[in-house]
Every structure is written in structure tokens, then in C-alpha cells.
Amino acid sequence: MPNITLPDGSIRSFDGSVDGFELASAIGPGLAKSAMMMIVDGNERDLSFRIEQDCNVVIITRKDAVALDLIRHDCAHVMAEAVTELYPETQVTIGPAIENGFYYDFYRERPFTEGDLETIETKMHEIIDRGDPFEREVWARDEAMSHYEKIKEPFKVELIEGIPDDEPISFYRQGNFLDLCRGPHAPSTKHVGHAFKLMSVAGAYWRGDSSNPMLQRIYGTAWPDEKKLKAYLNMLEEAEKRDHRRLGRELDLFHMQEEAVGSIFWHPRGWSLYREIEAHVRRRLEDGNYKEVKTPQLIDRSLWEASGHWDKFRENMFTADSEDDRTLALKPMNCPGHVQIYKQGLKSYRDLPIRMAEFGSCHRNEPSGALHGIMRVRAFTQDDAHIFCSEDQITSESIIFCDLLRKIYKDFGFEDVRVKFSDRPGVRAGDDVTWDRAEEALKNACEAAGLETTLNPGEGAFYGPKLEFVLRDAIGRDWQCGTLQVDFVLPERLDANYIASDGSKKRPVMLHRAILGSMERWIGILIEQYAGRFPIWLAPVQAVIATITGDNDDYAYKVLEECKKVGLRAAVDVRNEKINYKIREHSNAKIPVILVVGTKEQENETVAVRRLGGKSQEILALDDAVNTLLKEATPPS
RNA sequence: GCUGCCGUAGCUCAGGGGUAGAGCACUCCAUUGGUAAUGGCGAGGUCGACAGUUCAAAUCUGUCCGGCAGCACCA
């Protein structure tokens, strides 16, 4: 005799057990038709689930946000059915819903081709139109095992082995397709709808482990309706236009070429951007009482052995031989070098904290498949710093750091940053007591700094826990930029110490920290963030002076001189082209300001100020215009 | 690194066993024009590299290099 409480607070009573279909029908025929699944006391259930006891129930229709994952997961099953129908030799493995869609991993000898995707898609539409119901079955463990052993699907056997004993082993059947699955699913394949598209095929290791066999992953996207699908595909197209690799070329910022894979050739405009960013961070660091240093590129392997990098990082290091038979390594990190500076002379507790910064040029031999534009390269510059402090300074230094980081992110237009807290990994240095202290200190700092973090379990560095500050690029990929890492190990390995107030010798703690992460990655993110339309203080060319006719050339050069005198980055365009042509070209080049000078302006010593994207113009006296621009071009204070 | 796809002019792309194509960009000429493309002429390519098949390879095959997507790895 269940009494069922609905989201509006009303209660429905039934004489006997009731399933979701019956419940939805009792509420209304419209709901019965559009119902996809239900949530019973917080648990997602199929509509066919029988309710025996009093509970709270929410009926989910395709309009509900949670239905999105359901549709995508259903769609993955439909895809798996299509694939097994078309290519019976294929083994299915797993197929979850993900952000924006779903995927399914298959195992087969011959990989899928792009052409196969179309075939599969057609078959999927067919299956959806067939509208077979998704039917849940619960099997005994040994039955399930022997089923998959019999049909020779070792991946599924492995999955069953991983299901805890107290969990039911459920299958879902639709038509002739049967799949091990936790569920829930919509009532039938018809409920998936036709607003989906298969996007790509790629290899993916079984269980995400590169020592396992590689599966064939098909990615798809699925939405409640056609309109949302179109909007998503549109968004992808728009995102492609702000891809930093494309804008880097279009705006003449940098290029890369085969002879220097993973390294960047910065063009004048890109380098201007780079220098402006560096200068700004440098100002902020000076305000934050950091001292900037510079350490060697090539360092003898003995130091890397002592620091532990030779052991842990050897594969990623470039080496070179010197004439006296030494093996030198291009630095992949700056920390050992900074410790060397710290160790020059005795340090007292009174010297701490020491905040040592470097725009450290690092080389890492990244796997070729990891390289990505200027976001992931082999030669990059970290806005690195190490804070040498005592253990009881960890929290306060972390808070100061988080404030600085947020200030700098805000300067560059990033207000919302996701922060991951990575705690102790399985393989680590240092004892558990030390780890407890380090994690505690970092946690306290996050709280005090008002940072919301998500836990990234087991992903800390081997020497300590870390915070990762993550930004997202135009095509939805996440990139770690800033980081804060607590390290008790390196000072020990490299024998750094200080004299405490009681006269004893103590180990300092090292906080490894970066804000931008790498200049290169940061610029990549920045290009995409602004879609190439940089704020005027960062813009490589802040203003172009464009003439109407050749008679205005002299005056144009005079305007240029005035701009340059106050430090504005300006250029003239005295080409024999119409003003329309010049406007269009400099607008496409995303120059923030165009100063048009014609005979009228020349006679009155004025300029016509036209801003990027603006429709109108403003006539200003030359002095006023220069002063206004100068003010706007001042970096954030 | 692994799997798949791709590589033709500076860019975007067509073509495809027998003399290499377009648009934009570039050069030069004419045009001196008021807020997102003035008109015309011209130049520009060992068709990623190397091997093989063939009378003949940009085209077919193989190997390598590089790029792209994903996986793995990571700032």
C-alpha cells in the first residue's frame, strides 16, 4: 500500500505495488507519454521498477536535465546494438555518457573507418524507429560469468569480476542486443530520439591503461531535440574559429615547424604579447616580495641524480655531452637550481619565507602524441617560484599565494577557476605523518582563501600534495595552469637547511608554485579566451593610423610619433588603398583602435577614433586621443 | 608512445597513372578614395621525404617525417 510523495508535496496512495508507468498514468496521460525514468528516494530507476513501499518519487521527462545523461547512455546502447548487428565479430566493452555525448569502446581486429560511422548511424536510426523496449534482467553471478566466457568476451568477464558481491548483476536487453549494465534506461529505444551524431573514432586503452590492449572508441553526441544538437554543432564550429593554432597564424603571432617540433617561433606580435604578460606578472611578483633569479639551462647529471629527477624524470629529459665527458641535462624544472641559490650562505629562520621566482625556461621530451599547439610543447617557460619557509608558514604562504593567483587571473579576465586538490599518491616519498600535516596545511589554506576545490584522489606529486588551477580552452579541453605543491622531500635530498630560533638546524619546506603555469600555455588559453581580441593593454598593436589619401601621410607620421612618444604600440597604414579596405583589414587583424586621418583631421589636428567592432567614430583632438588611449592601455593596477 | 585519419601555392581547398588548378594573400600598373574587399596585369608549387611498381608516379605500394582527433603521459 505505498503512499508516494511527489515533488509538489502531494501524496498518491495505491492499493498494491505500482510501477513508474502506472504512477505516471495516474498523474496524467501527458506525463505517462513523456516519462523517461524516475527517481525513487534519490535513486535513479527504470519506469518498470515496482514500488512497494512509501517513498518520494520524481518522474523524469526528456526536458529534465538528468534525462540528458539517460538519453546519451541509451544512445550508446543503441550504437552498440547497431555495431554488433553490422559487425558481429565485434566485442562490446563499456559505453558511458560523457559531457556533451557518449562513447562506446569496442574490441575488434580491424579498426572502424570514418565511413563505417555513417553506416552505423543509419542503422541506429533504424533501431530507434523499431522502438524495442529496454528490459532489465538480473542474473546470478556465475550465470553471467559463464555466459561471457562461453561467447568469449573476456572484457565483460573482467567487468563482472569487478562488481562488488552485494551489487546485483543486471543486464539490459533491447531486441537481440544484450548488455551488462547498471542502468537505468528509458522505456524503449524510441525514447532516444534522432538528435544524435557520431563524431569520431579513436583508439583507447582498455581501462585506461597503456599496457592493456587498445580498443576502438566511437564518440557520439546526443541531445533531447534537433535544435539543441544543431546549437552544439554550431558551438563547435565557432570554437574552432578561436582555436589558438588558427588565430596564432591569422594574427601573425607565432609559428611552428618540423625542424623544431614542440618549440615555438615567436613572431614580433606574439613576442610583444609574451613580453607584456611577463612584465605584468613581474610587477605583481615584485609587489608580492618575490626575488627574481635566473638559473642554468644545462646542469650536470649529478645534480639531477641528487634531486631524484634522474630517477623519476629521466625519460623526459634532454641531455647533451660536454668535451670533458660530462653528461649535462637541459633543465626540465627549476627547483634544483633554486635550491642551489638558497644554499649559498647560511640561512636563518629570520630569512624565511624566501620567495624565489624565475621565468624558467624548461625543456621536456614530451611524447609526440601529447604535443598540442603552444599548449603542450617541449620547450616552455614557467612563471615558476619556490617559497622556502618553515612548516608553520605553509598555510599563511598558501593563502598569500592564492590571493596573488586570483588577482593575476582576474587581470587577464579569468574570474572562475576550477581548483583540484590532489592528495597522496600510492607511490610516494615521506611518511604518513608528514603527509597528514602537509595535506592538512594545504586544506586549511584553501578554506582560509575561500577556494572551492574538488578532490583529485591520489594525483599528488610523489613529494607532496598539490592544488591545480584548471582553465578550459575553446574546444572544451581542460588545461592545468597554476599549481601549488607542498614539498618536504627536495630540501632533504638536496640538503637545504636553516638555523631555527633555538639554534638548531632545520629543514625548510618548499612550496613549488606557478600561476600562469607556462607562458606558452597561458598565451594559448588567452588567445582563445579573447578570441584574439586582446584588451588594449595586451594587444600587440594597439592602434593603427590609417590615411585617407596620400596627402595625409606626413600628418599620419606625426600622429605615430605622438603615440610612440608616450609608449603606445602603434603603426601607420599609408598604403595606396581605400579606407574601407584598410578598416576591414585592420579589423580582421583585431587591432583595438584605428585612427583615421584625412584632410579634415590634418587641418584641425584631430583624429577620427574607430574602435574594433564599433560602428561609429569619434573625432578627438590629437592630444586628447593619445591621452585617452594611453589611459586605456595601462595594465591593471 | 599507441590507434585512426590527413599532408597539392603563404592561407583555404579542388583534382588525380601521361604539360599542376581556383579563390584569397603577394608583385607591378592604373585609380587619391571618408569608416569592413577599386579595377587590371603578373609572379608563385620536386604535389611532406625516401624507396618500390610502371614505358610513365603528385596520383598506386611500402617506410619514414610532420599535422589532426582520441587514448596514455603532463605545465
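Proteins get letters first, then strands, A, B, ... in listed order; numbering begins at 1 in each.
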Report yes if a donor N or O on one partner sits less than 3.5 Å from an acceptor N or O on the other, where the partners are the side chain of [X] and the base of [N]; otherwise report no.
X: A:Y205; N: B:G1; answer: yes
X: A:Q216; N: B:U3; answer: no
X: A:R376; N: B:C73; answer: yes
X: A:E601; N: B:G34; answer: yes
X: A:E585; N: B:A25; answer: no
X: A:R217; N: B:C71; answer: no

One thing to verify: whether A:E528 and A:R477 come together as a salt bridge, which I'm taking to mean a side-chain N less than 4.0 angstrom from a carboxylate O.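 A salt bridge is absent here (no side-chain N lies under 4.0 Å from a carboxylate O).
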Can you tell me the Watson-Crick or wobble partner of B:G42, both distances under 3.5 angstrom?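 The answer is B:C26, by the H-bond criterion.
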Which base sits across from B:A69 as a Watson-Crick or G-U pair, both distances under 3.5 Å? B:U3
Do A:T547 and A:K582 have side-chain atoms, one donor and one acceptor, less than 3.5 Å apart? yes
Kindly indicate whether the side chain of A:I515, heavy atoms from C-beta on, has any atom under 4.5 Å from the side chain of A:F469.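 They are not in side-chain contact.
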Between A:V261 and A:T599, who's closer to the 5' end of RNA chain B by nearest nucleotide? A:T599
